[in-house]
Trainee: 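Once you've had a glance at the structure underneath, I'll fire off some questions.
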Amino acid sequence: MDNQAILGFGGFFAFLFWAIMLKVFGLISVRYIESKMVKDGCILPPRRAMGSIEINYAIVLLIPKSRISRSMYAYFGIDAQRIARKKDIVLACLLHISSFLMFSFMGIYYFLYVE
């Protein structure tokens with residue numbers, strides 16, 4: 001196998017890993033955090049495009065409060081950081097690692113082999 005095939009397969013499997021992690025994080029962490037927010041009487045953040053809620057929760061769980069924009073922290077961060085479990089933080093970390101791998105593989109493939 002040549003390098004082009006290795007990068008292509010790597011990008012494909014990185015995309016699959018990212019899609020699986022996005023779904024798992026949404027099913028486990030986002031459902032748990034939002035159900036606890038509803039039980040505590042908090043207002044849920046507004047719905048946006050598909051998958052953006054998971055990405056926003058993952059950003060809020062991993063990045064310190066001082067680095068997040070105020071509007072994003074006001075919607076997601078105040079209650080999400082308080083309610084989150086260790087499992088949720090690990091899943092958010094895996095989601096970010098998988099997206100970094102996917103964009104790395106696909107970016108390298110694009111700049112080397114797409115004409």
Trainee: Could you tell me the separation between the CG atom of Leu91 and the CG atom of Leu22, rounded to the nearest 0.5 Å?
Mentor: 11.5 Å

Trainee: Give a yes or no on whether the backbone of Val60 and the side-chain of Gln81 come within a donor-acceptor separation of less than 3.5 Å.
Mentor: yes

Trainee: Inspect the surroundings of OH in Tyr113 and state if more than 12 heavy atoms from other residues, nucleotides or ligands are less than 6.0 Å away.
Mentor: yes

Trainee: Sequence neighbours left out, cut at 3.5 Å: what donor-acceptor pairs do the side chains of residues 93-106 make with other protein atoms?
Mentor:
residue, atom, partner, partner atom, Å
Ser98, OG, Leu94, O, 3.2
Ser98, OG, Leu95, O, 2.8
Ser99, OG, Leu95, O, 3.4
Ser99, OG, His96, O, 2.9
Ser104, OG, Phe100, O, 2.7

Trainee: Say whether Phe15 and Ile55 are linked into one hydrophobic cluster, either directly or through other cluster members, by side-chain heavy-atom distances under 4.5 angstrom.
Mentor: yes

Trainee: At what distance, to the nearest 0.5 angstrom, does CG of Asn56 lie from CG of Leu61?
Mentor: 11.0 Å

Trainee: Grouping I, L, V, M, F, W and Y whenever their side-chain heavy atoms are under 4.5 Å apart, do Ile20 and Phe25 come out in a common cluster?
Mentor: yes

Trainee: Identify whether Val90 and Ile28 are in the same connected component of the hydrophobic contact network (ILVMFWY, side-chain heavy atoms under 4.5 Å).
Mentor: yes

Trainee: Test side chain to side chain contact (heavy atoms under 4.5 Å, CB included) on Leu112 and Asn3 and set out the steps.
Mentor: CA-CA 10 Å; Leu112 288 181; Asn3 290 340; over 6 Å; no

Trainee: Do Asp40 and Arg82 touch side chain to side chain, with heavy atoms closer than 4.5 Å?
Mentor: yes

Trainee: Treating Ile, Leu, Val, Met, Phe, Trp and Tyr as nodes and any side-chain heavy-atom pair under 4.5 angstrom as an edge, say whether Ile89 and Ile83 lie in one connected cluster.
Mentor: no

Trainee: Tell me the salt bridge (charged side-chain N to carboxylate O under 4.0 Å, His left out) pairs involving residues 86-107, sequence neighbours left out?
Mentor: Arg85-Asp88

Trainee: Only counting residues at least two apart or in another chain, list the ones meeting ring-ring contact (aromatic ring centres under 6.0 Å, His included) with Phe17.
Mentor: none

Trainee: Look up atom CG in Leu7 and atom CG in Asp2, then write down how far apart they are to the nearest 0.5 Å.
Mentor: 9.5 Å

Trainee: Quick one: does Ser29's side chain have a donor or acceptor within less than 3.5 Å of a partner on Gly26's backbone?
Mentor: no

Trainee: Side-chain heavy atoms nearer than 4.5 Å, only ILVMFWY residues, links allowed to pass through others: does that put Ile108 and Phe13 together?
Mentor: no

